[in-house]
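First comes the structure, then the notes that go with it.
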Amino acid sequence: MAIVFYLSLLFYLVVYATTKYAIIPHGVSMTCHQRYFMISVNQHLVGKNISFEAVDGNGSYSITEEYANKCGYSLRTIHFKNRVQLRASYFSCHTDEVDKMYTFSFNLVAHDKEDKVTHALNRTCAPSLPWSLREVTCEVNYMEVSVRSEIACPTATRRNDWDNLKLAHGNSSADWQVTFQNGGEQFPPTSINEALGEGYVFDLTSDRLVFRTPYGQPHSFTSVIDGVPVEVVHATLFSRQSWLVLLVDLVAACSVYKATFEDEGYMSWETPDVMYPGLHTTHLSFGLDGNLMQPAVAKTKGYVIEKYNNTVEIGIPYDAAGSDRKSVVSGGLYESYSYDFYMEQLSVDEDGIETRLRTHRTMRTPLLMRTLLDENRTVLQEKHFTIYLGDIPQDVELISLTLNEQIFQVPFTNISAFSLVKVVHPNDTHGYSLKVPFYNSPVIQQFSTDNIEFKLYINYTLMVTPENNPFQHKAFFMATIPDLDPPQFDASCSESLISFKLAHKPSNSKWEFTVGSDPLTPELASSHGFAMSNNSQALQFDVPLLSDGYDNKNFSLQGFEGTFEIYVRDRETSQIQSSTVKSCPFLIDELLVCSTDMKMVALVNLTLAVVSGEVPANMTLRDRKCGPRQSDDTKALFTFPMNGCGSTVKLGKGTVTYENEVLYSEKFVSEDADRVFLQCTYPVMSLHRLFSVKGFESDTPGVGRIIHTSESAAGLPSTKAPVSQPQPHPRPHSSSRYIKFSEFKTQQLKLGGLGGVRALRNKKRLT
Ligand SMILES: *[C@@H]1O[C@H](CO)[C@@H](O)[C@H](O)[C@H]1NC(C)=O
Ligand SMILES: *[C@@H]1O[C@H](CO)[C@@H](O)[C@H](O)[C@H]1NC(C)=O
Ligand SMILES: *[C@@H]1O[C@H](CO)[C@@H](O)[C@H](O)[C@H]1NC(C)=O
Ligand SMILES: *[C@@H]1O[C@H](CO)[C@@H](O)[C@H](O)[C@H]1NC(C)=O
Ligand SMILES: *[C@@H]1O[C@H](CO)[C@@H](O)[C@H](O)[C@H]1NC(C)=O
Ligand SMILES: *[C@@H]1O[C@H](CO)[C@@H](O)[C@H](O)[C@H]1NC(C)=O
Ligand SMILES: *[C@@H]1O[C@H](CO)[C@@H](O)[C@H](O)[C@H]1NC(C)=O
Ligand SMILES: *[C@@H]1O[C@H](CO)[C@@H](O)[C@H](O)[C@H]1NC(C)=O
Ligand SMILES: *[C@@H]1O[C@H](CO)[C@@H](O)[C@H](O)[C@H]1NC(C)=O
Ligand SMILES: *[C@@H]1O[C@H](CO)[C@@H](O)[C@H](O)[C@H]1NC(C)=O
Ligand SMILES: *[C@@H]1O[C@H](CO)[C@@H](O)[C@H](O)[C@H]1NC(C)=O
Ligand SMILES: *[C@@H]1O[C@H](CO)[C@@H](O)[C@H](O)[C@H]1NC(C)=O
């Protein structure tokens with residue numbers, strides 16, 4: 001039961017999807033105008049591929065181009081608005097007229113791949129404007145003339161009428177026949193049916209006789225009236241019934257002036273003021289999109305109306321309300337406007353017979369260059385560019401932009417310092433406001449002694465929709481601010497040094513760079529062991545770990561944190577204006593710091609010193625109360641006053657050496673085990689306050705050595721990276737020397753006074 005229901009529902013859905021007659025869809029509007037009926041379809045909502053069929057009691061008729069020309073239909077696609085319009089004449093082939101009520105029935109067919117959905121549309125219109133005796137419609141694709149079927153006989157008989165009478169007399173048929181005249185030439189008469197085969201339509205409604213013809217038929221001709229080309233078709237219908245001959249003259253004349261675009265920004269179109277000899281125009285009105293305005297009103301909207309030499313010239317402002325605009329890419333951004341121009345001319349002849357001429361013309365401007373607005377809204381104090389790109393038409397989108405060669409997609413993501421904001425205006429344009437900071441951005445900086453110039457080259461990539469045609473728009477902006485701020489070095493850490501770098505710029509000459517109070521010169525660099533280079537681009541120097549000037553702290557079993565600072569001073573006043581401080585963590589195996597305030601900080605590797613079953617935590621200095629501050633399986637960190645914890649003092653030639661040892665409590669020192677001595681050596685000169693009451697300090701840090709007595713067969717000391725850092729100048733350095741323990745006690749250390757921190761390691765079997 002359930003399955004049966006399901007199947008029948010499925011069947012119903014399949015049938016529904018592939019067959020016809022959905023209700024009037026959204027996006028379809030139907031309007032009765034005074035002289036035509038219009039269906040407007042939004043392709044977004046209904047479908048891209050749509051077509052129309054005219055419907056009457058006998059069936060449906062596909063409206064092809066040819067059929068439209070013949071039967072009184074006009075189709076127009078407005079690409080910019082994604083809109084298709086069908087205009088139908090009140091006298092179109094399949095219109096049903098009952099008592100001045102006109103019923104239009106159409107099928108709107110939307111093709112979607114295999115599917116075809118048909119929407120039945122119908123509407124009855126009753127135009128309120130009475131029909132004139134003669135009505136002429138110059139549609140875009142056909143000319144149509146209708147006359148009231150009972151007309152009072154005109155007063156004068158023209159020569160041509162006698163010719164027609166002769167024609168009528170020569171034919172015995174009572175059927176209606178037609179003859180065309182081409183200027184002076186008269187074509188032989190044909191039957192109405194034959195004329196139909198040639199694309200002409202003659203029709204008789206309840207009270208009007210209608211004649212319709214496409215443009216460019218063999219019987220039509222172009223004449224130039226007052227300088228304006230006019231296409232004319234002159235048909236005469238006649239019928240002889242015994243002694244009575246009926247003649248109806250049907251003349252359609254339409255201006256086929258090709259609208260031109262004037263440099264002043266007008267689309268200009270011309271028509272003769274008097275289209276038919278003997279008539280004079282009494283009324284003129286015109287507008288766009290099916291609207292008619294009196295000339296006085298049109299003038300207030302910027303239209304130009306001029307009459308000269310019996311010619312009416314109308315100038316439509318290029319961006320008039322009701323125009324359709326389209327962006328086009330052709331090496332740059334262009335635009336084209338198109339207009340659905342509509343005009344009515346009322347005229348009367350000497351008999352007071354009124355002729356109403358309605359003209360539809362589709363006009364299009366050539367490609368006009370469209371300029372976008374580049375605006376510099378930068379406020380220097382904000383330290384960023386504010387750039388506005390405006391007057392972007394609705395059918396153009398910004399896709400990406402390059403800022404000094406660096407590409408950014410729109411919308412911006414993840415670039416917090418930059419911003420791009422879209423601004424939409426009521427006049428169907430939009431713009432983008434772009435903010436790019438002067439610093440830390442792709443902005444180019446150029447320096448002079450007193451100023452910094454910021455340069456921003458922008459290359460916008462925009463795209464015209466819906467065709468998705470891209471084009472580029474370029475702009476350049478510059479801002480200048482005084483260069484007053486002291487420079488900052490770029491600093492970076494590496495395993496065993498800190499690198500400082502400063503790009504040269506002219507204003508740097510106002511500043512002096514110092515380490516402490518010493519100016520940074522090649523001499524200072526070489527004496528302190530900095531690797532300094534100064535090329536045309538930048539000043540760079542690398543400060544090796546343990547060089548003078550470091551501030552070291554946070555000692556731990558892993559190493560310590562080294563901090564180095566460079567001052568920027570005003571060259572004239574020597575005042576410190578700013579500084580660059582960089583702290584880096586350094587991992588190290590061993591080190592010994594002999595500070596000016598007479599403290600030792602020792603990180604020692606006790607791998608070889610521990611006796612089996614013991615741990616570094618249980619090792620002490622000579623004073624067994626002095627244990628390590630931190631320790632692990634192999635290392636211990638001691639911090640203690642120079643002259644405490646059992647340290648001994650030895651005087652050398654001009655030096656004072658403090659020594660202590662790391663050992664086990666209670667245990668006899670084994671000959672096999674490594675013995676570890678810690679030595680700090682100060683020049684005597686720097687210890688002038690050694691015996692002063694105020695304190696115990698040194699002018700310079702001491703030189704430290706960690707001496708391991710354990711041997712290595714090769715005998716050469718194994719040194720670790722920080723210690724073996726190449727020094728730019730030769731200096732006594734124990735770490736590179738091989739010291740016998742026996743010599744050690746009397747060794748006169750001649751170490752330079754510069755090293756604040758020394759980590760030394762000597763290995764030697766006890767002899
Ligand atoms: C529109 O649909 C018709 C009928 O299915 C098909 O012949 C035609 O190729 C389609 N046109 C486009 C542009 O898809
Ligand atoms: C249908 O066709 C017949 C025969 O051609 C014609 O007489 C009749 O007027 C047509 N009906 C409509 C509504 O056009
Ligand atoms: C027009 O359409 C409506 C509803 O779709 C329908 O009720 C009406 O009968 C139709 N009229 C004609 C003349 O087709
Ligand atoms: C009379 O009419 C018939 C049919 O329309 C046509 O074939 C014939 O040429 C006409 N005769 C003259 C003299 O125009
Ligand atoms: C009007 O016609 C006269 C004479 O034919 C001619 O000289 C004049 O240039 C015309 N004026 C315009 C605006 O075309
Ligand atoms: C933003 O950045 C984060 C981390 O850098 C990344 O994971 C994410 O994908 C980015 N988002 C976009 C939209 O680029
Ligand atoms: C559109 O409006 C904006 C804001 O009022 C204005 O700045 C801009 O010039 C206008 N653009 C055009 C093309 O009229
Ligand atoms: C501008 O950007 C586009 C797309 O990124 C690129 O193809 C074009 O070469 C650029 N033009 C210039 C002058 O940089
Ligand atoms: C942009 O505006 C700033 C601030 O008003 C000004 O200093 C600068 O000269 C301008 N740059 C350009 C290229 O117009
Ligand atoms: C580096 O060289 C520049 C010239 O290239 C010079 O002006 C500057 O004083 C030098 N700096 C140092 C610290 O030697
Ligand atoms: C400690 O010294 C031993 C023996 O010289 C060595 O094997 C070990 O790698 C050192 N420990 C560290 C952390 O360097
Ligand atoms: C270290 O010393 C403590 C107390 O002096 C003792 O209890 C401990 O066993 C010793 N540790 C080792 C591994 O010898």
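- Judged purely by distance below 3.5 Å, without hydrogens or angles, the side chains of D395 and T465 never pair a donor atom with an acceptor atom.
- Summarising the geometry of P616 relative to P628, their closest heavy-atom pair is O-CG, 3.9 Å, with the distance given to 0.1 Å.
- One finds the OG atom of S527 at 8.0 Å from the CG atom of D518 (value rounded to the nearest 0.5 Å).
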Could you go step by step and tell me if D483 and N451 meet the side chain to side chain contact (heavy atoms under 4.5 Å, CB included) rule?
-> CA-CA 5 Å; D483 190 6; N451 294 315; 5.5 Å; no

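- Between Y439 and F454, the angle of the ring planes goes over 60°, which puts this pair in the perpendicular group of the 30/60° scheme.
- Residues R622 and E659 are paired through a salt bridge, judged by an N-O separation under 4.0 Å between the basic side chain and the carboxylate.
- Of the possible donor and acceptor atoms, none in the side chain of H430 sits under 3.5 Å from a partner among the backbone N and O of E397.
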Assess whether side chain to side chain contact (heavy atoms under 4.5 Å, CB included) is satisfied between V410 and K422, documenting all intermediate values.
-> CA-CA 10 Å; V410 174; K422 185 172 176 176; over 6 Å; no

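- In this structure, F385 and F477 have tilted ring planes: the angle between them lies in the 30° to 60° band.
- With rounding to the nearest 0.5 Å, the separation of CD in E453 from CZ in F447 is 10.5 Å.
- Side chains of V676 and L606 form a contact here, defined as non-hydrogen atoms less than 4.5 Å apart.
- Rounding to the nearest 0.5 Å places CZ of F471 at 4.0 Å from CG of L333.
- In terms of modelled atom types and a separation under 3.5 Å, the side chain of E590 and the main chain of N605 share a donor-acceptor contact.
- R629 places no side-chain N or O within 3.5 Å of a backbone atom of F638 that could act as its donor or acceptor partner.
- For the pair Y682 and P701, the tightest heavy-atom approach, listed with the atom from each and the gap, is CE2-C, 3.7 Å.
- With H473 contributing its side chain and T371 its backbone, the two residues share no donor-acceptor pair below 3.5 Å.
- Side-chain contact between Y460 and S400: absent, with no pair of heavy atoms (C-beta onward) separated by less than 4.5 Å.
- The aromatic rings of F412 and F408 sit tilted, their planes meeting at an angle between 30° and 60°.
- Here the straight-line distance linking atom CG of L401 with atom CD1 of I387 works out to 11.5 Å at 0.5 Å rounding.
- Using a 4.5 Å heavy-atom threshold, the side chains of N552 and V593 count as separate.
- Ring orientation note: the planes of F489 and F541 are nearly perpendicular, at an angle over 60° on the 30°/60° scale.
- At least one donor-acceptor pair under 3.5 Å links the side chain of S441 to the backbone N or O of V443.
- Contact check for D542 versus S499: side-chain heavy atoms found under the 4.5 Å cut-off.
- Using a distance-only test at 3.5 Å, with no hydrogens or angles considered, a donor-acceptor pair links the side chain of Y550 to the main chain of V543.
- In this structure, CD on Q558 lies 6.5 Å from NZ on K635, to the nearest 0.5 angstrom.
- A distance-only check finds a donor-acceptor pair linking the side chain of T521 to the backbone of L524 [under 3.5 Å].
- N459 places no side-chain N or O within donor-acceptor distance of the main-chain N or O of I407, the cut-off being under 3.5 Å.
- How far CD1 of I498 is from OG1 of T580: 11.5 Å, rounded to the nearest 0.5 Å.
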Side chain to side chain contact (heavy atoms under 4.5 Å, CB included) between L678 and V604: does it pass, once the steps are laid out?
-> CA-CA 9 Å; L678 308 174; V604 283; 3.7 Å; yes

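- The local environment of CG in N440 is sparse, with at most 12 non-hydrogen atoms from other residues, nucleotides or ligands closer than 6.0 Å.
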Test side-chain hydrogen bond (donor to acceptor under 3.5 Å, both in side chains) on N534 and H504 and set out the steps.
-> CA-CA 9 Å; N534 188 15; H504 289 314; 2.7 Å; yes

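- One N or O on the side chain of N404 and one on the backbone of K455 form a donor-acceptor pair closer than 3.5 Å.
- Residues V581 and T563 have side chains in contact (heavy-atom distance under 4.5 Å, counting atoms from C-beta outward).
- Using a 4.5 Å heavy-atom cutoff, the side chains of R569 and S517 are in contact.
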Apply side chain to side chain contact (heavy atoms under 4.5 Å, CB included) to F564 and K582, showing your working.
-> CA-CA 6 Å; F564 200 89; K582 185 71 182 171; 5.6 Å; no

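- Side-chain contact between P487 and F513 is present, with at least one heavy-atom pair separated by less than 4.5 Å.
- Relative orientation of the F555 and F560 rings is tilted, given thresholds of 30° and 60° on the angle between their planes.
- A heavy-atom distance below 4.5 Å is not found between the side chains of D490 and F500.
- S647 places a side-chain N or O within donor-acceptor distance of the main-chain N or O of M642, the cut-off being under 3.5 Å.
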